[in-house]
Protein chains: 2
Amino acid sequence: MDQPYDIYQERCPTRMVLDRLADKWALLILDRLRDGPVRFNHLRRDIAGISQKVLSQTLKKLERDGLISRQVFPTVPVTVEYALTGLGRTLTDTVAALAHWAEANMDAVLAAQKAYDSIGR
Amino acid sequence: MDQPYDIYQERCPTRMVLDRLADKWALLILDRLRDGPVRFNHLRRDIAGISQKVLSQTLKKLERDGLISRQVFPTVPVTVEYALTGLGRTLTDTVAALAHWAEANMDAVLAAQKAYDSIGR
DNA sequence: CTGATAGGTTTCTGTTGGAAACCATGTATC
DNA sequence: GATACATGGTTTCCAACAGAAACCTATCAG
């Protein structure tokens, strides 16, 4: 049962999908939505350092890819909630694994960088 | 046992690590090295679409982070082999999971894009 | 001396990223 | 009525980065 797709091929559509996933902000947003819907400005505050433009763009891309949904509430001021879709939820474990790896192995990476920089000079 | 790091904080070092991992080419390289050492030009040919410059840069960053090792053989012409380090090997399952998700769920993503584009117009 | 191979670096240019300003809407404040 | 604040964005500007293509160094084959 071979997959009909090969991610190593340039024109394979899986490349586009990987490209979307291989984005720091997209990963952080997906991870942040794990526990339920979150509003725009709440995301902006939680994910320190993201700009409004990039948050807006990234949310749009994720929505287009069917990974998150956008719901507008006619409150005042208007409220917009973003949530994972069923498809998006199938990704969260993998995304969380990446984030967890980063947290768990950060010391090793920092040590490696230090060693590399002191030798390579 | 709380982690001392919070990936949502802007100046947290885990952000740097996530940043490195959130790179299409880095993920493809790490995945490609799963089965053993590979030479520079072999990588270039296998990972269709990558340029020499980007391959060279990405390999350097991964080496600096301690995820891959670089070994030069004084053959003629010189041969350079890249391989996963122990640290890099702890990542491969997660990376493979991402690539596998992309291959498995690509149809759903493409369908979502089509639906989004036809409505949003 | 032309070409091929290996592993890069350099140059140029178009796309992207982030910072900051701006905008529309409505509500509360003075 | 002017001022300020909140929401959820868009626009503008500039610096950084990505990719394509050319170039480089070295060695060997013909």
Side-chain angles (χ1 to χ4, degrees), chain A residues 7-12 15-16 18-29 32-33 37-65 68-83 116 120-121, chain B residues 7-12 15-16 18-29 32-33 37-65 68-83 116 120-121:
Chain A
I7 207 161
Y8 292 110
Q9 286 312 301
E10 189 165 6
R11 311 226 168 278
C12 180
R15 273 285 183 86
M16 298 188 337
L18 185 67
D19 226 357
R20 186 67 22 91
L21 264 36
D23 172 26
K24 174 179 62 171
W25 300 125
L27 292 177
L28 284 172
I29 291 171
R32 186 62 194 76
L33 292 179
V38 183
R39 284 182 301 102
F40 183 89
N41 275 328
H42 201 147
L43 279 173
R44 186 158 78 89
R45 277 187 289 264
D46 283 1
I47 302 176
I50 195 169
S51 72
Q52 286 191 319
K53 186 183 86 169
V54 173
L55 177 56
S56 170
Q57 284 174 344
T58 309
L59 287 169
K60 252 185 224 162
K61 288 180 199 166
L62 290 174
E63 189 195 357
R64 177 165 182 266
D65 288 348
I68 66 174
S69 63
R70 189 186 120 107
Q71 196 176 358
V72 180
F73 296 95
T75 54
V76 120
V78 67
T79 307
V80 182
E81 254 186 22
Y82 293 91
Y116 182 94
R121 193 167 307 277
Chain B
I7 206 160
Y8 291 111
Q9 287 312 301
E10 190 165 7
R11 311 227 168 278
C12 180
R15 272 286 183 84
M16 297 187 338
L18 185 66
D19 227 358
R20 185 68 21 93
L21 264 38
D23 173 25
K24 175 179 61 171
W25 299 125
L27 292 177
L28 284 172
I29 290 171
R32 187 61 194 77
L33 293 179
V38 183
R39 286 182 300 100
F40 184 90
N41 275 328
H42 202 148
L43 279 172
R44 187 159 79 89
R45 276 187 290 265
D46 282 1
I47 302 176
I50 196 170
S51 71
Q52 286 190 320
K53 187 184 84 169
V54 173
L55 177 56
S56 169
Q57 285 173 344
T58 308
L59 286 170
K60 253 185 224 162
K61 288 181 199 168
L62 289 174
E63 188 195 359
R64 177 167 183 264
D65 289 347
I68 65 174
S69 63
R70 188 187 123 109
Q71 197 176 356
V72 180
F73 296 93
T75 55
V76 121
V78 65
T79 307
V80 183
E81 254 186 19
Y82 294 92
Y116 183 94
R121 191 166 306 277

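Naming convention: chains lettered A, B, ... in sequence-line order (proteins, then strands); numbering from 1 in each chain.
To the nearest 0.5 Å, the span separating CD1 on B:I68 from OG1 on B:T58 amounts to 9.0 Å.
Looking at heavy-atom distances under 4.0 Å, B:R39 makes contact with sugar-phosphate atoms alone, never a base. Looking at heavy-atom distances under 4.0 Å, A:T79 makes contact with sugar-phosphate atoms alone, never a base. Note on B:F73: nothing from the nucleic acid sits closer than 4.0 angstrom, heavy atoms only.
The side chain of B:V54 lies closest to D:dA18 when the candidates are D:dG9, D:dA18, C:dA6. In the set D:dG8, C:dG17, D:dG9, C:dG17 carries the atom at the smallest distance from any side-chain atom of A:W25.
Proximity of A:S56 to the phosphate of D:dG8: no side-chain N or O atom is located under 4.0 Å from OP1 or OP2. Residue B:Y82 places none of its side-chain N or O atoms closer than 4.0 Å to OP1 or OP2 of C:dA6. The side chain of B:R45 places no N or O atom within less than 4.0 Å of a non-bridging phosphate oxygen (OP1 or OP2) of C:dG7.
Going from atom CZ of B:R44 over to atom C1' of C:dG8 covers 10 Å, rounded to whole Å. Computed from coordinates, the A:D23 CG to D:dA18 C1' distance equals 15 Å when rounded to whole Å. Taking atom CG on A:N41 and atom P on C:dT25, their separation rounds to 18 Å, with Å as the unit. B:K24 places its NZ atom 13 Å from the C1' atom of C:dT15, with the value rounded to the nearest Å. Rounding to whole angstrom units, CD1 of residue A:I29 and P of D:dG8 are separated by 14 Å. If you take NZ of A:K53 and P of D:dT10, they are 11 Å apart, rounded to a whole angstrom. Atom NZ of B:K60 and atom C1' of C:dG7 are 11 Å apart (whole Å). Put simply, CD on B:Q57 is 13 Å from P on C:dG8, counting in whole angstrom units.
When side chains are defined from C-beta on, A:Y116 counts as touching B:K60, because their heavy atoms get closer than 4.5 Å. In this structure the side chain of A:L21 never reaches within 4.5 angstrom of the side chain of B:L27, judged on heavy atoms. B:Y82 places none of its side-chain heavy atoms less than 4.5 Å from the side chain of B:I29.
In this structure, the side chain of A:R15 engages the main chain of A:I7 through a donor-acceptor pair within 3.5 Å.
Between B:V80 and A:V76, the residue anchored nearer the 5' end of DNA chain C, judged by the nucleotide with its closest heavy atom, is B:V80. For the pair A:E10 and A:E81, nearest-nucleotide mapping onto DNA chain D gives the more 5' position to A:E81.
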